[in-house]
Chemist: 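I'd like to ask you about the structure that follows.
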Amino acid sequence: MKKKICMLGAFAVGKTSLVERYVHSIFSDKYHTTVGVKIEKMQTAIGEEIVDLIIWDLHGEDEFQHVQLSYLKGSSGLIYVADGTRKSTLATALNLKEIAEKTIGKVPFILVLNKMDLQDQWEIDDLTLKDIEDKGIIVVQTSAKTGDEVKHTFQLLTKKMLDK
Amino acid sequence: MSSKTAESKTLDSLKDLMLKPEKEQIQRIEDRLDDPMVRAKEISQTLPEAISLSIINNNKLSRVIQPVIDESIKVSVKNNPKALADAIFPVLGPGIRKAISSTIMGMIQSLNQMLNHSFSIQGLKWRFEAFKTKKQFAEIILLHTLVYQVEQIFLIHRDSGIVLEHVVTKDAITQDPDLVSGMLTAIQNFVKDSFQTDDEDGLETLRIGSDRSVWIENGEQALIAAVIRGTPPLNLRIKYRELIEEIHIKSGAALKKFNGDSLPFSIFREQLKDGLHFQEKVNKKQISFLTWFIIFLILTSLGLWGFSLFKTNMMWTGYLERLKNQKGLIIVSAQKNQGIYHISGLRDPLAKDPLNLLQKEEEKRIKITTHWKPFYSLDPGFILQRAHKLLKPPSTIKLELSGNSILARGKASQDWIETFQKTALTIPGIDGFEEGLIQNIDKEKLNNTVKGLMAIKVYFENNSTNLVKEQEQRLTQVYQKIKAIQMLQFKLKEPLQIVITGHADSSGTEKLNLKLSRNRAENIFNYLTGLGINSSFLTISGVGNNKPLKKENDKDDRQYNRAVSFDTFYLLSTKGS
Ligand SMILES: Nc1nc2c(ncn2[C@@H]2O[C@H](COP(=O)(O)OP(=O)(O)OP(=O)(O)O)[C@@H](O)[C@H]2O)c(=O)[nH]1
Ligand SMILES: [Mg+2]
């Protein structure tokens, strides 16, 4: 079984870092912005079922560069990434969710708040978080730097895609 | 009859009672079967399923229906050509445009190649080939460029970019097909979005480097991407086009509800594999200049080596031939062993040194060891040479061979003649000798001295044994000659006696004259023995005037007979002079 998933979010939130951590178990402090799209592949298993995740790591959304919507086509799942130390990225992520659903319809997804290792700079309060969760959105806090919850996030999404 | 009617009535009511629902049902079915409208309605409901079943089942329906469609199109065209033209116009337009543009593209491509090749070394080579084979230049280019290999074919789910099936040639180096396919799809998406083409098909060809390209044939749900090295023929595209269409016909539904499970598409694997076309180059592998150069080097050194070997061999056989012709050498064996030539045989001590027979150049190439056993060659040249060496003849002697006899000719001393006599038969190869042609110098000297002595007369005074004055010179001569004769006769082993004869003139009595003449001879005898001449070689005689040296015509002639004369004879001699 092969599943295409996309990493979506504002620029520099750690989309590439999360994929690198998950696929290659590495992390770098250096920031190289993604141009266009980078595709990686990772095999995982849910119970008996072996799944090849084809991960499309898209470039970050900002005011100059909008996400190429056609990249979303054929996705079985989406990961929206926000940077917990920049509140605005959460809005971007939610906004992207609206756009994506308009483009390809509803598919399983997860909202990720990344950089949870930087708790002292954390900008997202529990109330905001609760509002979002109340809408039935699954939120996972991760750190690409420490690897916390990264594998779990992909695993969770895979499970959701298979259950659908 | 009535009972029968009643019976049947009760049966009918029973039937009604029991089978009423079924009866109505049958009635309805009968109605349905009888009413074409109802049937049409029903068939129209199941027709789509039936058709799709038929497609799965060998597409029998298409074949059956085809003549009907053909016929109806014909009728339609006949009755209302415009309707059909209107219908196909939207399809025809892009179709024709596409065909024309791909033809033009192809032409531009080959023109490009033609230009490229016109000015390259490759091009010049091909021009030469065209000239040589009397083919058109363009044909030659085609020959060289229409060479390709389809290395990989992807069957890709169009939306997700997920690989449904992937085939690859044995020796192509490939990346993870999922990643390649993903990137390909992303590029497709990017191009379509960026250039906002209204053409649904989007990207058709990607060029990578100078000779790699990706051909993309788009279908509605899936696409075929072929990674091709070289320049493939355009009709290959048609093949892929047909294949993607077939895939859609057979698995359109599965494609539509694709959820990541690519297993159902493995049925196309063989067909995709068939798409891995290739065309071999006519002249398979270009052998590089370096390869040629190395081959050339190897051949040259082989040639040189061979030539050197050949030359050495030639020299060797030449040398052997010379050795064989050499007098005084008998070759028993000649072999080459580990690069060294071994010669063994017999060698006359007088023969030339075989190693000296090697010329300078040969000496450099041929290493030789020799083992010789001495022997005497019976070659006449060698026998003569050997004779010279042993006899050491004086320059006045010439040695000759006559059969196995040696013959000496010319002048030689008694000493040498003796050596000759003694040694001749000891010379290997000689069993006889001939000395008759040798002039014995010593014998000649003896004869001459004897002659000289006999010419000398020593004169005496009248009636006296006193010598006439001033004859010292003459006496010395006599002494010297006799001394020489004595030495020579000793050497020659010829017992020569010297007779000293005294004479007297006619005056006086015979008795007195005999006495006087004998005294005169004795006088000389004493003189000679006094000087050391061995007396046993000397004989004295007095002849008076019985053997006058000159006829006495007057007084002065008498003096000639008052003298001593000399003569010789051999004692017990076998060889006379
Ligand atoms: N401390 C910390 N830094 C992170 C974490 N994840 C990413 N970063 C850093 O954030 C920067 C941006 O990370 P990327 O992964 O390149 O972000 P991106 O979302 O791919 O960015 P674009 O490709 O430009 O959209 C890099 O310098 C990372 O090192 C994290 O979990 N913790
Ligand atoms: Mg990135």
Chemist: Please classify the contact between Ser181(B) and chain A as side chain, backbone, both or neither, with a heavy-atom cut-off of under 4.5 Å.
Modeler: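 Ser181(B) has no heavy atom closer than 4.5 Å to chain A.
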Chemist: More than 12 heavy atoms of other residues, nucleotides or ligands under 6.0 Å from CD of Gln121(A): is that the case?
Modeler: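 Above 12, so yes.
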Chemist: Answer yes or no: is there a donor N or O on one side and an acceptor on the other, between the side chain of Lys3(A) and the main chain of Asn259(B), under 3.5 Å?
Modeler: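 It does hold such a pair.
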Chemist: Which heavy atom in Met183(B) sits nearest to a heavy atom in Ile39(A), and how many Å separate them?
Modeler: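 Reported closest heavy-atom pair: N-CD1, 3.2 Å.
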Chemist: Under a 4.5 Å heavy-atom cut-off, does chain A meet the side chain of Asp176(B), its backbone, both or neither?
Modeler: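 For Asp176(B), the contact with chain A is made by the side chain alone.
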Chemist: In this structure, are over 12 heavy atoms from other groups packed under 6.0 Å from Lys159(A) atom NZ?
Modeler: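 Result for NZ/Lys159(A): open.
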Chemist: So, Lys2(A) side chain and Val163(B) main chain: donor-acceptor pair closer than 3.5 Å or not?
Modeler: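 Yes.
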Chemist: For the NZ atom of Lys4(A) and the CG atom of Asp178(B), what is their distance to the nearest 0.5 Å?
Modeler: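 The NZ atom of Lys4(A) sits 12.5 Å away from the CG atom of Asp178(B).
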Chemist: How close do Gly74(A) and Ser160(B) get, heavy atom to heavy atom, and via which atoms?
Modeler: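 Looking at all heavy atoms of both residues, the closest pair is O-CB, 3.1 Å.
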Chemist: Any idea which of Leu263(B), Ile187(B), Thr185(B), Leu179(B) has the most non-hydrogen atom pairs under 4.5 angstrom with chain A?
Modeler: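 Counting heavy-atom pairs under 4.5 Å, the top option is Leu179(B).
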Chemist: Take a 6.0 Å sphere around NZ of Lys41(A) and say whether it holds more than 12 heavy atoms from other residues, nucleotides or ligands.
Modeler: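 For Lys41(A), atom NZ is crowded (more than 12 foreign heavy atoms under 6.0 Å).
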Chemist: Check whether any side-chain N or O of Asp159(B) sits under 3.5 Å from a backbone N or O of Lys73(A) as a donor-acceptor pair, and report yes or no.
Modeler: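 No; zero donor-acceptor contacts below 3.5 Å.
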Chemist: Could you grab the distance from atom CG of Asp261(B) to atom CD of Glu49(A), nearest 0.5 Å is fine?
Modeler: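 So the CG of Asp261(B) and the CD of Glu49(A) are separated by 7.5 Å.
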Chemist: Is it true that, when you exclude Phe27(A) itself, more than 12 heavy atoms of the residues, nucleotides or ligands shown sit nearer than 6.0 Å to its CZ?
Modeler: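 More than 12 within 6.0 Å, yes.
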Chemist: Check the surroundings of atom CD in Gln175(B): do more than 12 heavy atoms from other residues, nucleotides or ligands lie under 6.0 Å from it?
Modeler: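 No - once you tally the heavy atoms of other residues, nucleotides and ligands closer than 6.0 Å, there are 12 at most.
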